[in-house]
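These notes are about the structure you will find just below.
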Amino acid sequence: QVQLVESGGGLVQPGGSLRLSCAASGFTLDYLAIAWFRQAPGKEREGVSCFSTLDGSPYYADSVKGRFTISRDKAKNTVYLQMNSLTPEETGVYYCATTSEGSCDVGEGRYETWGQGTQVTVSS
């Protein structure tokens with residue numbers, strides 16, 4: 001069993017915050033890179049944030065830098081994405097994914113395991 005399950009999405013007003021969770025089962029997140037992607041309606045999927053468990057370096061898309069924070073709870077084998085000051089343009093389905101390459105500097109095609117996604121809606 002290899003599975004990622006996202007949770008924490010929902011409806012939030014502009015300027016609000018959400019914390020997304022990505023729980024891994026059947027494997028450990030050790031030695032992997034873990035990333036968050038999002039896909040807005042009618043748009044292609046884009047990378048939002050990532051970190052490597054090898055060096056601990058985080059990555060943030062320019063559009064979210066300073067507002068989003070990626071973190072890991074090793075005991076729970078879970079990765080989180082804290083999202084603050086949300087805007088309507090950030091509405092979409094958020095996915096977590098892992099790559100055994102261990103580096104965040106790879107395209108989404110290099111991510112082997114994906115969650116089912118969690119819906120985030122930012123609206124008044």
Side-chain angles (χ1 to χ4, degrees):
Q1 296 178 330
V2 176
Q3 189 175 32
L4 295 171
V5 179
E6 302 96 336
S7 62
L11 176 64
V12 64
Q13 293 185 335
S17 298
L18 286 173
R19 176 172 288 191
L20 306 183
S21 299
C22 175
S25 61
F27 68 106
T28 178
L29 295 173
D30 291 344
Y31 314 118
L32 306 178
I34 307 98
W36 288 93
F37 298 83
R38 68 186 175 197
Q39 187 166 24
K43 305 292 184 180
E44 65 182 275
R45 191 156 51 206
E46 63 177 343
V48 176
S49 184
C50 177
F51 79 79
S52 169
T53 58
L54 299 179
D55 59 20
S57 298
Y59 163 83
Y60 300 100
D62 288 343
S63 62
V64 308
K65 192 171 297 184
R67 297 185 297 114
F68 288 15
T69 303
I70 191 168
S71 62
R72 178 192 179 193
D73 186 327
K74 294 181 181 180
K76 295 181 179 179
N77 205 29
T78 297
V79 170
Y80 302 94
L81 184 68
Q82 177 68 45
M83 308 187 296
N84 298 327
S85 302
L86 286 162
T87 68
E89 291 72 27
E90 292 168 313
T91 292
V93 179
Y94 284 66
Y95 302 88
C96 64
T98 61
T99 173
S100 60
E101 294 191 24
S103 172
C104 290
D105 191 22
V106 299
E108 67 177 67
R110 309 303 295 271
Y111 284 80
E112 301 103 342
T113 305
W114 291 75
Q116 294 297 307
T118 185
Q119 176 71 44
V120 172
T121 303
V122 186
S123 176
S124 299

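The shortest non-hydrogen separation linking P58 to F51 is CA-CB, 3.8 Å. Between G9 and T118, the shortest heavy-atom distance links the atoms N-OG1, 3.2 Å. A pairwise comparison of heavy atoms in G102 and L54 identifies O-CD1, 3.7 Å as the closest pair. In this structure, G26 and V2 approach most closely via the heavy-atom pair O-CG2, 4.4 Å.
Between the side chain of Y60 and the backbone N or O of R67 there is no donor-acceptor pair closer than 3.5 Å. Remark: side-chain polar atoms of D73 are not paired, donor with acceptor, to backbone N or O of T78 under 3.5 angstrom. At least one donor-acceptor pair closer than 3.5 Å links the side chain of N77 to the backbone N or O of F27.
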(request) Dump the intermediate steps for side-chain contact (heavy atoms from CB on, under 4.5 Å) on S52 and S57, then the final yes or no. (result) CA-CA 6 Å; S52 169; S57 298; 5.6 Å; no
(request) Take Y59 and I70, measure what side-chain contact (heavy atoms from CB on, under 4.5 Å) needs, and give me the verdict at the end. (result) CA-CA 8 Å; Y59 163 83; I70 191 168; over 6 Å; no
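In the displayed structure, Q116 atom CD is contacted under 6.0 Å by at most 12 heavy atoms of other residues, nucleotides or ligands.
With sequence neighbours excluded, no residue forms a salt bridge (Lys or Arg N to Asp or Glu O under 4.0 Å) with R19.
Atom OG1 of residue T113 and atom CD1 of residue I34 lie 11.0 Å apart, to the nearest 0.5 angstrom. Rounded to the nearest 0.5 Å, atoms CD (E90) and OG (S85) are 9.0 Å apart. Rounded to the nearest 0.5 angstrom, M83 CE and S49 OG are separated by 11.0 Å. For the atom pair CG of L32 and OH of Y111, the computed distance is 10.0 Å after rounding to the nearest 0.5 Å.
In this structure, W114 has its ring center closer than 6.0 angstrom to the ring center of F37.
Put simply, the side chain of V120 reaches to within 4.5 Å of the side chain of L20, judged on heavy atoms. Residues V12 and S17 form no side-chain contact, since every pair of their non-hydrogen atoms from C-beta on lies 4.5 Å or further apart. Side-chain contact check for P88 versus V122: some heavy-atom pair is nearer than 4.5 Å. Residues F68 and N84 are not in side-chain contact: their nearest non-hydrogen atoms beyond the backbone lie 4.5 Å or more apart.
Applying the side chain to side chain donor-acceptor pair (under 3.5 Å) rule to pairs touching residues 91-107 yields R38-Y94, S100-E112, E101-R110, sequence neighbours excluded.
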